[in-house]
> 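Here you go, one structure.
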Amino acid sequence: MQTPTNMSQIFDKLNDLKDIFRFGERIVPIIQSLISFMRDVVPLLESINTSIADSTSQMPKAANQINNVTSATELATTEILDLVDDISNELVVVDGIFQKILEKRSKKDELYKKLFETLNKDSEEYKLINEIYQLDDHNGIFDDIKSKMQKINDDTYKITLSLQVQDITAQQLAAVTHLIEQVHGKLASLVNDIEHAEIKDKITDKHIVIDEHVSFDPNARYDKSEERQQTVDNIVDDQKRKASQEEIDKLFS
Amino acid sequence: MKKVILIADDSPTIRKFVSFSLTMQGFEVISACDGMEAIELLPSKKVDLIITDLNMPNLDGFELIKSIRENLAYGDVPIIILSSLAGSEEIERGMSCGANSYLVKPFDPKRIQYEVAKYLN
């Protein structure tokens with residue numbers, strides 16, 4: 001037979017159950033709105049996943065295009081340098097020819113001088129030969145040609161200096177490709193967790209072709225100013241001074 | 001007889017620039033695309049001076065300089081670093097490894113000719 005104490009415990013439990021039902025009544029609308037929210041948000045999340053997958057799948061194409069650009073500019077730069085090399089070599093040849101002309105000119109001047117010495121200054125022959133000598137005098141033209149040749153030489157020098165921009169941009173582009181590869185790797189592993197075969201395929205189908213034999217300085221910059229080299233020279237000088245002082249100290253210790 | 005200069009750089013354009021600047025001065029220039037190839041090339045020819053980049057695959061410039069300095073046969077060969085790295089840390093490390101000069105990219109061809117002449121003329 002049940003005691004009053006047992007009955008009291010049963011009522012307590014029933015009250016607890018009543019509280020639970022009351023709580024359930026309050027929580028059910030919340031759960032319902034949560035389900036409705038999930039119903040709305042899931043397609044959105046899927047769309048986000050698809051967008052990420054799309055972007056991720058485009059990354060290898062972008063990286064490979066950057067690599068192609070680097071190769072193309074490298075080829076073009078080498079071709080330009082070959083041409084500059086040819087121009088320089090031609091200039092050396094032209095300079096050699098020019099020197100021979102000048103040597104001949106000098107010999108000719110000596111001969112004219114000897115001829116003038118044998119003639120009377122007032123004679124008709126002297127005047128005629130002097131006229132021929134004046135017509136034959138191309139010193140002004142020679143000076144012009146020489147300065148033009150020097151200008152071409154200086155310009156080829158400037159071209160070689162400016163073309164170094166290719167090396168710097170190649171390093172910067174390699175840094176960008178490296179970055180894309182890293183982001184691609186992260187996104188691919190993130191999207192890989194999604195149980196959506198179509199999205200998975202989009203990403204895993206494409207790979208970034210990374211040239212293992214490429215090293216780069218991500219901070220490389222095209223700076224032709226002399227200050228940069230001057231700063232380097234100062235650091236080198238300081239270090240050399242420090243090293244020689246250490247050697248002196250060692251010698252006398 | 002022409003003096004021989006070895007340029008180690010992974011950039012074909014830089015190898016070409018250096019070669020262009022120095023062959024004009026009457027030097028023979030041989031090139032390697034990284035430190036490893038430079039080390040392989042050294043026994044094949046008597047090299048009078050080495051110009052090296054620092055950022056290179058397989059064997060970088062720092063390791064190349066160290067290897068050269070450790071080898072008695074090439075211990076005295078002048079080495080010029082030619083790099084786009086211009087931080088004091090890299091410069092000090094490069095010079096500590098045993099380089100003689102440090103040039104920064106982009107370089108002035110006249111400056112590289114001057115540095116080479118300093119050691120070879």
Side-chain angles (χ1 to χ4, degrees), chain A residues 70-71 73-82 84-85 88-89 91-92 153-154 156-172 174 211-240 242-243, chain B residues 9-26 29 33-37 53-62 80-115:
Chain A
T70 305
S71 303
T73 54
E74 198 172 272
L75 188 71
T77 309
T78 310
E79 281 172 1
I80 296 168
L81 267 173
D82 281 339
V84 171
D85 205 5
S88 294
N89 289 334
L91 273 177
V92 171
N153 212 21
D154 292 346
T156 54
Y157 239 87
K158 284 176 195 161
I159 291 169
T160 58
L161 186 61
S162 299
L163 281 176
Q164 286 180 69
V165 72
Q166 193 279 328
D167 174 60
I168 305 293
T169 48
Q171 293 196 57
Q172 288 168 341
D211 188 351
E212 296 293 331
H213 298 284
V214 169
S215 61
F216 58 86
D217 167 17
N219 301 314
R221 59 196 174 100
Y222 184 61
D223 182 356
K224 288 200 286 180
S225 68
E226 285 174 14
E227 284 86 40
R228 211 154 163 252
Q229 182 62 51
Q230 192 55 55
T231 312
V232 172
D233 289 345
N234 292 341
I235 297 168
V236 169
D237 288 345
D238 278 352
Q239 206 183 355
K240 280 184 177 171
K242 222 187 282 173
Chain B
D9 200 305
D10 55 335
S11 159
T13 43
I14 290 294
R15 294 201 296 268
K16 189 99 191 157
F17 289 132
V18 173
S19 179
F20 173 75
S21 308
L22 297 174
T23 45
M24 274 167 74
Q25 301 291 303
V29 181
C33 63
D34 57 46
M36 198 59 86
E37 198 185 340
D53 185 17
L54 290 177
N55 260 329
M56 286 188 289
N58 299 323
L59 189 76
D60 66 23
F62 298 112
I80 299 171
I81 291 173
L82 180 61
S83 172
S84 58
L85 298 170
S88 57
E89 199 181 308
E90 290 94 2
I91 298 166
E92 281 167 14
R93 192 177 159 207
M95 297 307 285
S96 302
C97 286
N100 300 83
S101 294
Y102 198 111
L103 297 181
V104 74
K105 292 176 190 172
F107 66 93
D108 180 353
K110 282 178 186 156
R111 177 64 195 259
I112 206 161
Q113 287 166 356
Y114 167 78
E115 286 297 326

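We name chains A, B, ... by the order of the sequence lines, and we start the count at 1 in each one. The figures here come from the full heavy-atom set of this structure, side chains too, leaving out hydrogens, waters and symmetry mates.
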> What part of B:Leu103 lies closer than 4.5 angstrom to a heavy atom of chain A: side chain, backbone, both or neither?
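For B:Leu103, heavy atoms of backbone and side chain both lie under 4.5 Å from chain A.
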> For B:Pro106, is there any backbone N or O sitting under 3.5 Å from a side-chain donor or acceptor partner on A:Gln229?
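Between the backbone of B:Pro106 and the side chain of A:Gln229 there is no qualifying donor-acceptor contact (under 3.5 Å).
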> Checking heavy atoms, do the side chain of A:Gln171, its backbone, both or neither come under 4.5 Å from chain B?
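For A:Gln171, side-chain heavy atoms alone lie under 4.5 Å from chain B.
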> Who pairs with A:Thr160 by side-chain contact (heavy atoms from CB on, under 4.5 Å), at least two apart in sequence or on another chain?
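A:Thr160: side-chain contact (heavy atoms from CB on, under 4.5 Å) contacts with A:Leu81, A:Val84, B:Phe17, B:Phe20, B:Pro109.
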> Side chains of residues 88-96 of chain B: which donor-acceptor pairs under 3.5 Å do they make with residues two or more places apart or in other chains?
from: B:Glu90; atom 1: OE1; to: B:Gly87; atom 2: N; distance (Å): 3.3
from: B:Ser96; atom 1: OG; to: A:Gln239; atom 2: NE2; distance (Å): 3.0
from: B:Ser96; atom 1: OG; to: B:Glu92; atom 2: O; distance (Å): 2.6

> Indicate yes or no for a side-chain donor-acceptor contact from B:Lys16 to the backbone of A:Glu79 under 3.5 Å, with no hydrogens or angles considered.
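The answer is no, because no donor-acceptor pair under 3.5 Å joins these two groups.
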> Go through A:Thr231, A:Asn89, A:Leu163 and name the one with the most non-hydrogen pairs under 4.5 angstrom from chain B.
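Among the listed options, the one with the most contacts to chain B is A:Leu163.
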> Check each atom of A:Asp233 against the heavy atoms of chain B and say whether the ones under 4.5 Å are side chain, backbone, both or neither.
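Side chain of A:Asp233 only, per the 4.5 Å heavy-atom cut-off to chain B.
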